[in-house]
Amino acid sequence: MSNLDPDLRALQEVRDYVERSKKACEAVAHYSQGEIDNVCRAMAEAGAAAAYDLGRLAVEETGIGRVHYKVLKNLFGSLGIWESIKGEKSVGILSRDEKTGIVEVGTPSGVIAGIIPTTNPTSTALGKALISVKGRNSIVISPHPRAKRCIGETVEVMRRAIERVGAPADLVLSLSNPTIESTGALMKHKKVAIILATGGSGLVEAAYSSGKPAYGVGPGNVPCFVDRSADVALAARAVVTSQSFDNGTLCCSEQALVLDKPIAERFLAEMTKRGAYLCNAEETDKLAKYCNRRGHMNPDVVGLDPWRIAENAGFRVPRETSVLLAHQGGVGPEWPLSIEILAPVLSVHVVDDWKHGCKVSMELLQYGGLGHTCAVHAKDERVLDAWFLEKPASRIIVNGPSSQGAVGYSTWLMPSMSLGCSPLAGNITSDNITFKHLLNVKRAAYPRKDWDAVERRDHERVAKFTRDLAPRGSGLQGDPAISGGTFSPDVRSALKNERVQSNWQGNPVTASSPKAASAPSTTGVPRSFSDTASSSARVHAAPKAPAAPAPASSPIYSTSVSPIGGASQVYSGSALSVPEIQSIMSHAGSGCPLGPCKGCGHQEVQTGACKA
C-alpha cells in the first residue's frame, strides 16, 4: 500500500480500520459486565500513567495550551471519566421495573467514528475511547492532522493496556494519515454505527449530513454575568482560574464578561490583582485585528499565552499576565472581540442592571454560542432564576469557573470532554456525552395489569360515536368475528336509552331485465337465492308490505327478534337466520361482519345488491 497515492492510501486505511474495528467489536459482544469493566479500567489507568508524556507531546506538536493543564485534562479524561461510569451497568439486563413491567437490556451499537480536534487532543481521545468501549463498542479515531502524532500515541497507550487484559487491541484505532476526504469516508462508512464529532460548526454539520446517527459538539460563545449581589473577589478568582485552565481552550470557557455597573470597577480591580491586563483603546484595536480575521477567530491565537498574543498583536504585557481584557460597546460584527476566542482574551461589557445584562448575554449566545454554556455570579435568587429560565444554554455554571464546571470537573455534571449543545445549535442532545449515548438499549414490556379494564373503557367511549361496543376483531364479548359472540346484559344496557338506527336502506331488486333491475326493493331485507337455481331462474319473493319500523323505545341490542314485517311476511331461500340478518342490518355500513361493501365479493357490481 506504500506505493499508493497518499489520498488513496488514506481512504484504504479507513476501509481496513473499520473492518478490523468491526471484528474487535464482535469479539467482545458477549463479554460480561465485569470483563468489559476490566478492559476500561486498564485503559483509564494506562492513560493516567502516561498523562504527563502525552500532555507534553500535545503541546509540542500543536503549540496549543500549557503542559501542566494538559496533564490535568488527561487525568480527567481517563480516571475522572472512568470514576463516573465504572459503577454503571452497560451489559445485559440494565434494569427491571416490577411496577411497570419494563425490562431494559443494554447491547452494543457497533463501530464508533470519533473525530478529535487540536484543542484538547489527548484528553478527548482518552474520554471518547472509554465511553465507547464501556458499551462493548469499538472506536476508530480520525485525529486532526495537526495533532495526529499525540493522538496516535494516546491510542497506542490504550491498545497496549487492552492487550494486557486479553481483549482485542483493535477496539481502539487511530487513522495515521487523516485527510478531509478520509474523515468523510469514515463518517459515511456503512459499518460505522454512530459518529461522535468534536470540532467546528463545519465538521459538526458534515457529521449530521453523513446519513449516520451523530453526536455533534459545536462551538460556544460563553457570556459570564457578574451581578451586583455577587461575591466579587470569588467571581474574579473563578474567571482567572477558568481562563488559565489550558489557556481557555475548552469551548465552555468564558468569552465575555458582562458586568453590572455598580461593581464593574471593583471587579476589574480584583481581576488585575490576579494578573489580568486591561487593554486601552489602541491596544484593543490591535488585539481585535489580530484575533478576528474576516469575522472568524484567527486559528493562530488558540491556546497561546496572553503575553504572546499581545506581542503578536503589536503591544507588550508582562509575561505573568493571566488574561487580556478589552472593553466592547456591543455585540456583533462591529465589535470584533465579541466572537468566540479560544484563548485567555475576554471582551468586557458594562451594563446598567441585571435586565440589561440579561439582554447582552442573550446577544452573545445568539452570536455563535446558542445552546452551549453560560456563567453567572450572583446571590440574588431573582437574578439566578432569570438566568436558569431564560438563557438558551444547556449548561449554566453558577458562582464558579465555567471551563471546569461545564465538563463536570468542578461540578457534579456528568464528566465529559464532549458537550452537547441541543437542537438550538443543531445538536441532537444537550447532555454531556457519556457511554449511555453510545449504548443501544432494548426494552421488553409486559401488558399493564389494568389493560383489560382500560381497553373496555376506551371501547365504550368510542361506542358513543360509532354505536359499536365490540368491533370486529376486538376480542370483546359480542365480537361478531367470534363464533356465537353475544353481548352480556351489562354491555347491552350500556346505551339502552339511546336509539341507534342502521344506515342500511335495503338492496335494490335484481332481475334479468334492465327494467326489473331498476325497481327498488321495499322489503328492507337482503334478497336470497336458491343454492341450486341458475342465475336466470333466481326468484326474489318480496313481501306484500314494507317492514314495520322498530318502536322508538326498543333497546339497541335485543335478544328477542320478531320476524321482520310481522308473522304474515314470509321469505324463502335465505341462507341466514332472522337474528343473523338483523345483526347484518345493525352493522351495515359501519362494521358489517363481512367488511365494507366496496370491493366485497358479495356485492353485485352492476346493482350494488348484497348477495350475502
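These numbers were taken from a predicted model, which means no experiment stands behind them. When a residue number appears, it is its place in the shown sequence, counting from 1.
Here Glu156 pairs with Arg159 in a salt bridge; the nearest charged N to carboxylate O distance falls below 4.0 Å. By the 4.0 Å N-to-carboxylate-O rule, Lys23 lies too far from Asp170 to be salt-bridged with it.
In terms of the side-chain contact (heavy atoms from CB on, under 4.5 Å) criterion, residue partners of Cys25 (sequence neighbours excluded) are, by chain and number, Ser138.
Tyr367 and Asn221 are not linked by any side-chain donor-acceptor pair at a separation below 3.5 angstrom, with hydrogens and angles left out of the test. Inspection of the Asn440 and Thr107 side chains reveals an N or O donor paired with an N or O acceptor under 3.5 Å.
Of the possible polar contacts, one joining the Asp97 side chain to the Lys99 backbone as a donor-acceptor pair under 3.5 Å is found. No side-chain donor-acceptor contact under 3.5 Å links Glu340 to the backbone of Gln255. In this structure, Lys128 contributes its side chain and Ile115 its backbone to a donor-acceptor pair below 3.5 Å.
With contacts defined as side-chain heavy-atom distances shorter than 4.5 Å, the pair Thr249/Lys73 qualifies.
At most 12 heavy atoms of other shown residues, nucleotides or ligands fall within 6.0 angstrom of atom CZ in Arg149. Summarising the local packing, CZ of Arg20 is surrounded by more than 12 heavy atoms from other residues, nucleotides or ligands at distances under 6.0 Å.
Sorted by first and then second residue, the ring pair (Phe, Tyr, Trp, His ring centres under 6.0 Å) pairs involving residues 52-81 (not counting sequence neighbours) are Tyr69-Phe245, Phe76-Tyr409.
The structure places CD of Glu13 at 5.0 Å from CG of Leu175, a figure rounded to the nearest 0.5 Å.
Taking every heavy atom of both residues into account, Ala343 and Val301 meet most closely at CB-O, 3.5 Å.
The only member of Lys89, Lys86, Lys134 that meets salt bridge (Lys or Arg N to Asp or Glu O under 4.0 Å) when paired with Asp37 is Lys134.
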